[in-house]
Amino acid sequence: MNRRLSGLRRGLAAKKIDGLLISQPENRHYLSGFDGSAGYLLITTGRAVLATDFRYTEQAGLQAPDYRVLKITGNAADWFPGLLGDAGIKRLGFEAGDITVETYRQLKNALKKKPVAVKLVPVMGLVESLRAVKEPGEIELIRKAAAITDLAFEGVAPTIKAGMTERQVAWELEKCLRENGGQAAAFEIIVAAGPNSARPHARPSERVIREGEPVVIDMGARYGGYASDLTRTICVGAADDTFKKVYATVLDAQMGAIDIIIGGMTGQRADAASREVINRAGYGEAFGHSLGHGVGLAAHEAPRLGPGSKEKLADGMVFTVEPGIYLPGWGGVRIEDTVMMENGRVVTLSKARKVRYD
Ligand code: ZN
Ligand code: ZN
């Protein structure tokens, strides 16, 4: 935990701020160990304070031994001056991607009452970039989350038959995640059949699965606070030529990306390598999302593997590789693994079988 705090403190110096107010839940959890649903951290060179309300003060003391716990009530205007205390902060960073306009207004008002001027400085991505590179203990938790996800998928996939609804399948998968030791589903499971599968984030519906159509299943377990993310596309009954061609193209793009991604490559380069395979097959327009995203305490986090992403892929990063092709009216195919970078190469953590249809 101290390694994380010292990493953050180096970031404060680089951003020329005296302290940072952390409000984003996963960042709060990552830096302090406290996983309650409400609270703020104030981190300066010499201090680490966790401010939370009555519901969580005992838990905070147990989970965040490196922090002084401050009990707060009311809104930010009430407790913010007490949290700053005499820390001598002149430039205070806040998480611009998380603080609401209303909370910002309350912080500003509270500062007006301070005798010494404190400037609020918007900060983006500082903790997220620390979180992107995992420690060995974090990787073990994600590995376990991925293994639970594989077991649940492998357990349910052979039982999927024409006539079942998307929601029935999603529920079987969710039960299986829990029965195999997952603390929860990491996100709402996607089961999308036929034309519904053309929407990358479709919600499971009462639609009945029919023979010969694609069924996209996107799921992940949460374990020890960490997520995993897996997508497989299956065809119940005989696959037609469109399915075979689209599926083979996505599988090529996915496996090709895993082979080609190396340490130091930008997220943009990794995405382009995979996209090229899909472009060549004539489906360029039908791959409308990024190749992948980081996985950790959040199911979607840094780095991003997509157009415009300058983030360099480094050892210890855990991310997804998930190209897809979506044809409105027909359906879609996506194949996704959770992977990690180790010694400059991609190692797949997701092991669920990828069926071949050609
Ligand atoms: Zn996914
Ligand atoms: Zn994903």
Side-chain angles (χ1 to χ4, degrees), residues 26 128 131-132 134 138-139 141-154 156-157 166 169-170 173-174 176-177 182 184-193 196-204 214-223 226-234 247 250-251 253-255 257-258 261 267-268 270-271 274-275 278 286-307 309 311 313 317-326 331-341 346-354:
E26 281 89 11
E128 286 79 358
R131 276 169 49 196
K134 270 67 182 176
E138 296 181 283
I139 289 171
L141 294 171
I142 299 169
R143 195 189 295 281
K144 179 77 181 166
I148 292 167
T149 309
D150 292 340
L151 274 174
F153 176 80
E154 301 268 19
V156 173
E166 294 169 345
V169 174
L173 291 165
E174 186 151 354
C176 223
L177 283 178
F187 49 87
E188 197 179 340
I189 294 171
I190 295 168
V191 178
N196 288 350
S197 61
R199 288 182 281 122
H201 277 185
R203 271 228 162 92
V215 184
V216 171
I217 295 172
D218 189 346
M219 59 187 290
R222 187 168 292 284
Y223 182 82
Y226 283 79
S228 67
D229 197 357
L230 173 85
T231 305
R232 292 290 181 265
T233 303
I234 60 171
Y247 187 91
V250 174
L251 190 57
Q254 206 262 352
M255 309 273 275
I258 286 174
I261 294 172
Q268 169 166 273
D271 175 273
S274 187
R275 200 165 292 278
I278 291 177
F287 176 20
H289 58 73
S290 296
L291 177 65
H293 54 85
V295 178
L297 286 170
H300 289 85
E301 58 180 53
R304 189 172 68 83
L305 286 73
S309 171
E311 290 165 278
L313 301 173
M317 286 186 174
V318 176
F319 52 88
T320 67
V321 177
E322 50 175 311
I325 292 176
Y326 308 92
V333 171
R334 177 167 67 256
I335 300 172
E336 171 181 36
D337 287 326
T338 298
V339 307
M340 68 174 285
M341 276 294 249
V346 171
V347 176
T348 53
L349 302 178
S350 302
K351 309 281 187 203
R353 204 161 68 93
K354 294 166 193 165

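Both counts, for ligands and for their atoms, begin at 1 and track the order of listing.
- Judged as a side chain to side chain donor-acceptor pair (under 3.5 Å), and not counting sequence neighbours, the contacts of Glu188 are Arg203.
- Note on the Zn ion (ligand 1): protein N/O/S atoms under 2.8 Å are Asp218 OD1, Asp218 OD2, Asp229 OD1, Glu336 OE1.
- Of the residues listed (Lys354, Arg334, Glu322), the one engaging Gln254 in a side chain to side chain donor-acceptor pair (under 3.5 Å) is Lys354, and it is the only one.
- By the side chain to side chain donor-acceptor pair (under 3.5 Å) test, Arg304 pairs with Ser290, sequence neighbours left out.
- With Glu336 as the partner, the side chain to side chain contact (heavy atoms under 4.5 Å, CB included) test is satisfied by one option alone out of Asp218, Thr233, Val321: Asp218.
- Remark: Lys144 engages Ile148, Tyr223 in a side chain to side chain contact (heavy atoms under 4.5 Å, CB included) (not counting sequence neighbours).
- The Zn ion (ligand 2) has no N, O or S atom of His300 under 2.8 Å away, backbone or side chain.
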Practice item. Check the pair Asp337, Arg232 against side chain to side chain contact (heavy atoms under 4.5 Å, CB included), reporting the backbone distance first and the verdict last. Key: CA-CA 9 Å; Asp337 287 326; Arg232 292 290 181 265; 2.8 Å; yes
